[in-house]
Amino acid sequence: MLAQTAPKMLVSHTPLNIFENRIPLSRTHARVSRRRFKSSPAVHASRDKASRDSLTTLCGTCSDDTEDTLTPPRLQEGGGGGRIHRRSALMGVAALQWQWVAPAPVALPAWAAPVTVPVTVPSWTLEGGVQMPTLALNTVGLSADDTTRAVRLALASGITHVDFHPGKERDGVARFIASQGRDGLFLNTKIRKAAVGISPTEAAENTRRQIDEDLGILGVESVDMLMLRDSPDCDVTQAQWAVLEEALRSGKTRSLGVINFCQSTLECLLQSASVKPALNYCMLHVGMGPDAHGLRSFGESRGIRFFAYGAVGEPGPEPELLSSTSLLTEIGKAQKPARAPEEVALKWALQSGVAVSVRPTADFGLGMSTCAEGEVCSVGIVARAQSVNWALTARQMAQLDA
């Protein structure tokens with residue numbers, strides 16, 4: 001049950017992937033090739049076949065890391081080169097080969113400018129009484145400067161949950177904490193993905209070292225949540241989880257979660273875990289259905305909640321979802337006041353009963369996201385915060401669930 005615990009605030013305004021310069025990318029898609037998106041029959045057939053093929057590997061690989069492989073290693077700490085191979089295993093379905101081109105900045109249309117009213121983000125009560133706001137700022141792909149700016153704007157807008165990665169995003173959060181303090185923030189960060197072939201002992205030591213490093217850079221004694229990425233090696237997963245349980249017992253974190261765990265990886269973890277994950281962090285957007293492949297219901301039946309990212313697609317926005325003729329756009333225009341399609345996409349996920357981590361704008365792509373000075377990021381974050389203040393009708397939810 002959701003507890004309305006956040007204070008009211010007035011609104012003031014990813015298997016291991018390696019890359020090379022030419023990026024052949026297998027892009028994960030939900031089954032959004034519905035009549036309402038007006039794709040061609042040929043595209044429908046291609047996607048449906050790819051969807052069926054990908055489902056056969058759903059838990060054979062247990063690893064997709066869609067949200068967590070958005071930054072090429074050359075943009076991360078200690079990055080390298082090579083070729084990317086992304087499987088549409090966990091949430092994914094149709095795979096289309098494409099060459100990524102960074103999108104031009106996207107501004108919300110005038111008709112979709114948010115109306116700002118007081119915001120109270122609902123919270124989940126996790127193990128130990130931890131209150132987790134169900135709407136989070138997703139900083140993936142932001143520079144340190146943009147992360148600092150996004151955190152400031154989010155906090156002013158009523159979003160207190162910050163979902164960030166180690167590296168430049170963490171550094172941006174650290175800058176904010178150094179200047180403004182951490183009061184009121186729910187800090188949620190991730191353990192780096194274990195390298196393929198690493199021993200359980202080495203993976204555990206790397207995890208232990210990273211936790212201490214991140215806390216030192218952030219300048220805090222603990223974070224509110226640590227999330228573990230999946231591994232194809234059950235022994236590695238169990239060894240890393242044991243370290244996270246140590247961190248929980250020692251007060252270095254208040255709660256634990258997992259990222260992109262399919263059913264068999266969850267089963268592996270639960271065999272040895274003393275503490276169950278509070279949540280499973282996976283991609284979910286309109287066109288996938290509210291319980292894609294039954295993973296959400298599988299986790300919830302075991303007390304593991306569903307925390308969603310990718311409300312408009314990953315690693316870039318799905319054109320079918322945000323087009324001027326999409327169902328999301330039509331439903332958005334029917335709202336009073338009107339809403340942009342990305343607002344409707346976010347609202348659908350929240351109203352479906354999951355927590356959501358959302359990017360500040362729809363200007364993002366592979367390894368990049370922005371929150372630049374100016375009104376685009378500010379307006380985008382305010383609009384996302386306002387998602388808790390309006391609702392879709394039962395008919396609209398049914399349309400989007402289909």
Side-chain angles (χ1 to χ4, degrees), residues 1-4 29-39 51 91-93 108-109 111-112 114-115 117 119-124 132-136 138 158-159 161 279-301 304-314 317-359 362 380 383-402:
M1 180 176 296
L2 299 182
Q4 301 285 340
H29 280 260
R31 299 189 65 175
V32 295
S33 51
R34 313 280 186 185
R35 286 196 306 272
R36 63 178 177 267
F37 295 131
K38 300 179 174 61
S39 298
S51 172
M91 285 295 130
V93 271
L108 291 176
W111 55 264
V115 175
V117 295
V119 168
T120 301
V121 175
S123 294
W124 283 343
M132 187 194 98
T134 56
L135 177 61
N138 191 336
I159 299 175
H161 184 165
L279 51 83
N280 192 7
Y281 182 72
C282 301
M283 185 168 71
L284 183 70
H285 60 70
V286 168
M288 299 176 76
D291 186 19
H293 314 308
L295 186 58
R296 174 183 171 186
S297 55
F298 175 82
E300 288 179 346
S301 70
I304 302 170
R305 299 177 189 253
F306 199 92
F307 185 22
Y309 66 84
V312 295
E314 292 288 352
E318 295 286 355
E320 298 96 333
L321 294 176
L322 301 184
S323 75
S324 60
T325 58
S326 74
L327 180 62
L328 290 171
T329 299
E330 293 174 7
I331 290 176
K333 289 182 177 179
Q335 303 302 310
K336 296 186 184 303
R339 306 285 176 178
E342 56 264 39
E343 294 177 69
V344 179
L346 170 60
K347 187 61 192 182
W348 170 79
L350 288 170
Q351 200 164 320
S352 296
V354 302
V356 183
S357 182
V358 64
R359 293 175 183 258
R384 283 144 181 76
Q386 291 294 311
S387 63
V388 303
N389 283 338
W390 61 280
L392 296 165
T393 66
R395 180 175 179 274
Q396 290 167 341
M397 287 294 294
Q399 288 178 293
L400 295 169
D401 284 347

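The residues of the chain are indexed from 1 along the displayed sequence.
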Separation between CE of M397 and CD1 of I331, rounded to the nearest 0.5 Å: 9.5 Å
Roughly how far, to the nearest 0.5 Å, is the CG atom of N280 from the CZ atom of F307? 11.5 Å
Any donor-acceptor N/O pair, S352 side chain to W348 backbone, under 3.5 Å: yes
So L321 and S326, do their side chains get closer than 4.5 Å, heavy atoms only? no
To the closest 0.5 Å, what do you measure between CG (L284) and CG (L295)? 10.0 Å
Sub-4.5 Å side-chain heavy-atom contact between L327 and E330: yes
Output the distance between atom NE2 (H285) and atom CD (E320), rounded to the nearest 0.5 Å. 9.0 Å
Validation row: E342, R384 side chains within 4.5 angstrom (heavy atoms): yes
Do L400 and V344 have side-chain heavy atoms sitting under 4.5 Å apart? yes
Heavy-atom pair with the smallest gap, counting every atom of N138 and S357: CB-OG, 3.0 Å
Taking every heavy atom of P317 against every heavy atom of L322, the minimum-distance pair comes out as CB-CD1, 3.6 Å
Heavy-atom nearest pair, I159 first then L135, reads CG2-O, 3.7 Å
Do you know the tightest heavy-atom contact between T329 and S324? CG2-O, 3.6 Å
Under 4.5 Å between any side-chain heavy atoms of I304 and F298, yes or no? no
Nearest 0.5 Å, please: how far is CZ in R339 from NZ in K333? 15.5 Å
Taking the side chain as C-beta and beyond, is there a heavy-atom pair between V121 and H161 under 4.5 Å? no
If I compare all heavy atoms of A355 with all of W124, which pair ends up nearest, and what's the gap? N-CH2, 3.3 Å
Can you name the side-chain hydrogen bond (donor to acceptor under 3.5 Å, both in side chains) partners of Q351, sequence neighbours left out? none
Working to the nearest 0.5 angstrom, can you tell me the gap between L392 CG and E343 CD? 11.0 Å
Scanning both residues in full, the closest heavy-atom pair of A311 with A345 reads O-CB, 3.4 Å
Donor-acceptor pair, side chain of K347 and main chain of W390, under 3.5 angstrom: yes
Salt bridge (Lys or Arg N to Asp or Glu O under 4.0 Å) partners of residues 284-293, not counting sequence neighbours, each pair once: none
Listed by chain and number, what are the side chain to side chain contact (heavy atoms under 4.5 Å, CB included) partners of A349, not counting sequence neighbours? V354, V356
Do T120 and V388 touch side chain to side chain, with heavy atoms closer than 4.5 Å? no
